[in-house]
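So you know, we letter chains A, B, ... as the sequences are listed, proteins then strands, and number each from 1. Side chains are part of it too, since the values below use all heavy atoms of this structure and drop only hydrogens, waters and symmetry mates.
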Number of protein chains: 2
Amino acid sequence: MNIGEIAKRAGVSRSTVSYALSGKRHVSPETKARIQQVIDELDYRPNAAARALKEGRTRTIGLVIPPPVRRLTYMQLEFVASVLEAASQADLDVLLSPSGDTHAPAFSRLIDGRRVDGVILMEIRLQDPRVDQLRKAGMPFVTIGHTAHPEGVWWVDVDYQGLVGRCVKHLADLGHRDVALINRSAEMLADGYGPGLRAQQGFAQAVAQYGLTGFEYPCADDAPAGDACVERILNEHPEVTAAVTVNESALPGFQRALQRAGLRVPADFSLIGVAAQHWAEEFQPPLTSADVPAVQMGAEAVQLLTEYIADRAAAPKHLLLSPPISLRDSVSRARTLERD
Amino acid sequence: MNIGEIAKRAGVSRSTVSYALSGKRHVSPETKARIQQVIDELDYRPNAAARALKEGRTRTIGLVIPPPVRRLTYMQLEFVASVLEAASQADLDVLLSPSGDTHAPAFSRLIDGRRVDGVILMEIRLQDPRVDQLRKAGMPFVTIGHTAHPEGVWWVDVDYQGLVGRCVKHLADLGHRDVALINRSAEMLADGYGPGLRAQQGFAQAVAQYGLTGFEYPCADDAPAGDACVERILNEHPEVTAAVTVNESALPGFQRALQRAGLRVPADFSLIGVAAQHWAEEFQPPLTSADVPAVQMGAEAVQLLTEYIADRAAAPKHLLLSPPISLRDSVSRARTLERD
DNA sequence: TTGTAGGCGTTATCAC
DNA sequence: GTGATAACGCCTACAA
């Protein structure tokens with residue numbers, strides 16, 4: 001089924017059908033109605049490939065996700081969902097592309113084959129070769145997270161550094177002196193994963209500023225790792241009375257380790273962090289946390305990308321989100337057992 | 001950058017470049033090398049839209065997922081990941097399309113606009129209008145799950161009916177007389193969600209066959225619902241000593257409710273089910289369950305779809321998977337308190 | 001072994 | 001208000 005067939009059946013030329021559809025030229029109501037009728041009858045829709053070839057754009061965006069074998073975190077999943085939603089609203093399709101070495105061909109297909117009009121890049125590293133590749137190819141893109149030198153690129157990120165700092169301050173205000181940071185995995189940090197490194201910085205700065213003693217622990221993104229990590233903290237530094245976490249996937253593990261150690265939250269141990277609202281509320285007791293606005297981020301990323309595609313000469317924009325810390329029930333004054 | 005430019009710079013005709021790339025005609029090694037050099041230099045890759053237009057296929061498949069607002073279960077996520085992986089292996093791109101009423105335009109774009117060569121449809125209903133739409137459009141598709149009348153369609157599914165039956169048998173063998181089925185949500189059942197309805201049937205049949213008393217409870221896909229559901233079961237039917245579940249997302253809730261009621265698993269209450277391996281192993285104690293082979297299903301679905309696309313006249317194939325029940329630690333003999 | 005040319009289905013320019 | 005036609009970039013049948 002193509003536009004020629006519609007034209008024939010409606011007794012008009014192909015261009016008239018095209019214009020009736022696009023509205024870029026006036027078409028008499030009668031003709032338009034006749035055409036529409038044929039179209040409805042045959043479920044006609046312009047062939048996407050032909051249109052893309054002619055217009056030089058695909059009406060599709062690429063979403064590059066972390067290698068899905070290492071499972072997506074809840075936050076990332078929410079983000080993907082919101083990108084899908086926002087794209088759908090804007091009549092854009094989404095080509096999902098896994099990242100990682102084994103998928104490099106897929107990435108190149110996407111970019112060099114011009115399968116998409118623009119790309120949203122998740123889980124960016126401080127130094128990221130994909131950013132260079134996209135730049136070189138002249139493909140519009142928005143990164144989630146930002147590189148070490150994000151000048152000239154469009155991005156959306158969460159201010160992990162500032163948020164972790166505020167978490168530490170909150171603990172300091174409540175009398176905690178020895179606190180831990182439960183970060184993402186050592187591998188990710190070594191690999192230059194921005195949020196982890198910025199959490200690290202924010203923690204170190206705040207600990208120094210408020211005169212606390214801080215211990216940083218990396219932790220893989222799953223419950224067993226969280227369990228082991230908390231156990232280690234309790235063993236190695238029993239003086240620690242509170243922890244800041246940016247590792248939502250490990251939360252269920254924290255719960256188990258604390259319970260096993262006979263520590264109640266928040267009476268014996270305070271926990272605060274940055275997490276998806278879902279996980280924060282799922283924790284028992286509900287976790288005091290800065291809720292990562294993943295849904296908003298997805299929508300913003302699509303919005304920015306759309307602007308960028310529409311005007312490639314536009315000045316780069318970015319968004320550093322700093323959601324408020326929701327006070328729930330996982331933080332209290334420091335236990336005073338060891339003090340005085 | 002297009003094929004003509006490459007041809008010019010390599011001093012050959014466009015067709016020679018095309019043939020050098022496709023290998024469908026012999027090209028002298030020297031010419032080939034010269035062409036390859038220019039291609040590497042310019043990062044040339046054939047324009048996907050032009051190629052799709054000419055060849056009549058897009059080298060892209062569509063993956064239609066449940067509305068992502070109602071979040072994906074772990075199993076579904078695993079499935080999406082494995083489809084992505086398998087497609088990537090086969091040099092296919094994946095267009096992710098959300099399902100649901102508000103996204104109907106996106107679905108039609110996909111199908112009628114011929115943006116994809118074939119579609120994988122997740123979370124099929126017993127009566128599913130999308131199946132009819134795909135059929136009508138002559139678009140190859142594979143469903144995950146099968147409709148009430150799946151004759152002539154390609155599908156992959158898990159034998160929920162049989163598996164739930166085997167779970168009940170296992171409980172019966174261990175002396176349980178009063179058992180519950182914790183199913184998916186009432187809404188999904190009312191909506192004709194196959195796995196839920198087939199679990200229902202399998203449960204009813206097996207309960208009758210082994211002379212047990214069975215109680216079926218619907219339960220939404222999240223922890224709080226699981227908590228509430230188990231509490232209800234314990235209240236309404238204290239005689240129940242074991243439950244079969246097909247609702248993995250609610251498992252953490254079961255844990256909480258049982259713990260609160262002072263019931264130990266499996267000493268006081270046995271639990272068995274069908275779930276993603278991840279959730280089964282995450283449960284405490286590890287859940288005896290048929291582990292849904294989501295990864296295998298994704299790969300098989302892509303494989304089937306590829307065959308179907310390659311030969312549209314091929315006889316429909318399907319796959320009804322029945323993974324073994326892994327004995328873990330959540331089932332024991334019925335407690336005998338109330339008996340004798 | 002290589003070159004020429006037509007057409008895939010659209011959109012948009014030009015002509016009426 | 002509408003029709004004819006060129007072009008988007010590629011693949012491939014045909015010609016040399």
Side-chain angles (χ1 to χ4, degrees), chain A residues 1-36 38-39 42-60 91 93 109-117 137-138, chain B residues 1-36 38-39 42-60 91 93 109-117 137-138:
Chain A
M1 192 44 39
N2 60 36
I3 201 171
E5 183 70 15
I6 304 294
K8 204 192 319 179
R9 299 206 191 199
V12 296
S13 74
R14 287 178 308 165
S15 49
T16 300
V17 176
S18 178
Y19 283 119
L21 242 30
S22 71
K24 294 190 182 174
R25 173 165 103 174
H26 188 76
V27 175
S28 78
E30 306 83 55
T31 325
K32 201 180 248 171
R34 205 166 59 239
I35 291 172
Q36 192 56 53
V38 178
I39 287 178
L42 304 187
D43 274 340
Y44 166 77
R45 238 163 211 95
N47 178 296
R51 190 206 280 245
L53 177 57
K54 177 61 187 165
E55 293 193 325
R57 63 179 178 139
T58 60
R59 296 165 189 266
T60 304
D91 282 333
D93 284 325
R109 262 206 314 273
L110 210 67
I111 312 310
D112 301 322
R114 315 230 86 101
R115 295 189 73 97
V116 295
D117 297 333
Chain B
M1 191 46 39
N2 60 37
I3 201 172
E5 184 70 14
I6 304 294
K8 202 191 323 178
R9 300 206 192 198
V12 296
S13 75
R14 291 179 309 168
S15 56
T16 301
V17 176
S18 179
Y19 284 120
L21 242 32
S22 71
K24 293 193 181 171
R25 176 164 101 172
H26 189 75
V27 175
S28 79
E30 306 84 54
T31 320
K32 203 181 247 173
R34 206 167 56 240
I35 291 172
Q36 193 56 52
V38 178
I39 286 178
L42 304 188
D43 274 341
Y44 166 76
R45 237 161 212 100
N47 178 296
R51 189 207 281 247
L53 178 57
K54 176 63 187 165
E55 293 192 325
R57 63 180 179 138
T58 59
R59 296 165 190 268
T60 305
D91 281 334
D93 283 325
R109 261 209 313 274
L110 210 67
I111 312 311
D112 301 320
R114 314 231 85 103
R115 297 189 73 97
V116 296
D117 297 335

Does any part of the side chain of A:Ile6, heavy atoms only, come nearer than 4.5 Å to the side chain of A:Asn2, both counted from C-beta?
no
Do A:Ile111 and B:Arg45 come within less than 4.5 Å of each other through their side chains, counting heavy atoms only?
no
Starting at the 5' end of DNA chain C, which residue's closest nucleotide do you reach first, B:Val27 or B:Leu53?
B:Val27
Start at the 5' end of DNA chain C and walk down; is the nucleotide closest to B:Arg25 or to B:Glu55 reached first?
B:Arg25
Atom [atom1] of [X] to atom [atom2] of [N]: distance rounded to whole Å?
X: B:Ile6; N: D:dC10; atom1: CD1; atom2: C1'; value: 13 Å
X: B:Lys8; N: D:dC10; atom1: NZ; atom2: P; value: 13 Å
X: B:Glu30; N: C:dT2; atom1: CD; atom2: C1'; value: 13 Å
X: B:Arg115; N: C:dG9; atom1: CZ; atom2: P; value: 17 Å
X: B:Arg57; N: C:dG9; atom1: CZ; atom2: P; value: 16 Å
X: B:Glu5; N: D:dC10; atom1: CD; atom2: P; value: 11 Å
X: B:Lys54; N: C:dC8; atom1: NZ; atom2: P; value: 8 Å
X: B:Ile3; N: D:dC8; atom1: CD1; atom2: P; value: 14 Å

Among the candidates D:dC10, C:dT4, D:dA13, find the nucleotide nearest to the side-chain atoms of B:Tyr19.
D:dA13
Where the side chain of B:Arg51 is defined as all heavy atoms beyond and including C-beta, which of C:dG9, D:dT2, D:dC10 is the nearest nucleotide?
D:dC10
Output for pair (B:Asp91 CG, A:Arg109 CZ), nearest 0.5 Å, gives 5.0 Å
Establish, with yes or no, whether the OP1 or OP2 oxygen of [N] is under 4.0 angstrom from a side-chain nitrogen or oxygen of [X].
X: A:Thr31; N: D:dG1; value: no
X: B:Tyr44; N: D:dC10; value: yes
X: B:Lys24; N: D:dT12; value: yes
X: B:Arg14; N: D:dG9; value: no
X: B:Ser18; N: D:dC11; value: yes
X: B:Asn47; N: D:dG9; value: no

Can you tell me if A:Thr60 and B:Arg115 form a side-chain donor-acceptor pair at under 3.5 Å?
yes
Hey, are A:Ser18 and A:Ser15 close enough side-chain-wise for a donor-acceptor pair under 3.5 Å?
no
Any N or O donor-acceptor pair under 3.5 Å from the base of D:dA4 to the side chain of A:Ser15?
yes
Evaluate A:Thr31 against A:Ser28 for side chain to side chain donor-acceptor pair (under 3.5 Å), listing each step before the verdict.
CA-CA 5 Å; A:Thr31 325; A:Ser28 78; 2.4 Å; yes
Determine the contact category for [X]: base if any of its heavy atoms lies under 4.0 Å from a base atom, sugar-phosphate if only primed atoms, P, OP1 or OP2 are that close, otherwise nothing.
X: A:Gly11; value: sugar-phosphate
X: B:Ser22; value: nothing
X: B:Ser28; value: sugar-phosphate

